[in-house]
Amino acid sequence: MSTYTPGPWVTYAHTKGIDIIVDDGADGKSIATARSEDDAALIAAAPDLLIALRALLRDCERLGFEGRKTAAVKQQARAAINKAKGEQP
């Protein structure tokens, strides 16, 4: 499994763009720079989205949710998690 810099990640706007930084109470390591506030917000939310998606998928499987629509959504969730981990679908 790949590792990433744990969140929370926050945005910091400046004259050259919007940095996404680690909100660790220290200097705040820069993760990325975005061109728009929308992009920056999405990037900053990535760790939280990954955690939530993993929990949702785990609960769907634990509770035995089945069906064609559920299977498609679970497949999408697995693909998104794999993409976040840098793995091919």
Side-chain angles (χ1 to χ4, degrees):
M1 181 177 148
S2 64
T3 59
Y4 62 90
T5 305
W9 296 355
V10 296
T11 61
Y12 173 74
H14 53 84
T15 57
K16 295 182 181 180
I18 304 164
D19 281 344
I20 295 83
I21 59 173
V22 178
D23 187 17
D24 60 2
D27 292 339
K29 175 183 173 184
S30 179
I31 301 296
T33 299
R35 294 183 184 178
S36 75
E37 289 183 19
D38 290 342
D39 289 345
L42 180 60
I43 295 166
D48 299 325
L49 292 168
L50 181 58
I51 290 167
L53 189 55
R54 283 179 172 157
L56 187 62
L57 183 59
R58 182 180 57 244
D59 286 349
C60 282
E61 291 174 347
R62 182 178 58 84
L63 295 170
F65 291 150
E66 299 297 330
R68 191 177 339 184
K69 288 182 182 180
T70 303
V73 170
K74 291 190 322 190
Q75 183 177 4
Q76 274 185 299
R78 285 188 200 97
I81 290 168
N82 289 339
K83 185 175 182 179
K85 292 170 26 181
E87 298 175 2
Q88 296 297 322

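This chain uses plain numbering: 1 for the first residue, then up along the sequence.
Tyr12 and Ile18 are not part of a single hydrophobic cluster, where members link through side-chain heavy atoms under 4.5 Å apart. Placement of Val73 and Phe65 in two distinct hydrophobic clusters is found when ILVMFWY residues are connected by side-chain heavy-atom separations under 4.5 Å, directly or transitively. Hydrophobic clustering of Ile, Leu, Val, Met, Phe, Trp and Tyr side chains at less than 4.5 Å, counting indirect connections, unites Ile81 with Ile43.
With contacts defined as side-chain heavy-atom distances shorter than 4.5 Å, the pair Trp9/Ile21 does not qualify. Side-chain contact between Thr5 and Lys29: present, with at least one pair of heavy atoms (C-beta onward) separated by less than 4.5 Å. A 4.5 Å side-chain heavy-atom check between Leu42 and Leu49 finds at least one atom pair inside the cut-off.
The two atoms that bring Thr11 and Ala41 nearest to each other are CG2-N, 4.2 Å, heavy atoms only. Residues Ile20 and Ala44 approach most closely at CG2-CA, 4.0 Å, considering heavy atoms. Closest non-hydrogen pair, Ala80 versus Leu53, comes out as CB-CD2, 3.8 Å. Shortest non-hydrogen contact noted between Gly17 and Thr33 is CA-CG2, 4.5 Å. Residues Val22 and Pro6 come closest through the heavy atom pair CG1-O, 4.0 Å.
Partner of Glu61 under the salt bridge (Lys or Arg N to Asp or Glu O under 4.0 Å) criterion, chosen from Lys74, Arg78, Arg54: Arg78.
Atom CG of residue Asn82 and atom NZ of residue Lys85 lie 5.5 Å apart, to the nearest 0.5 angstrom.
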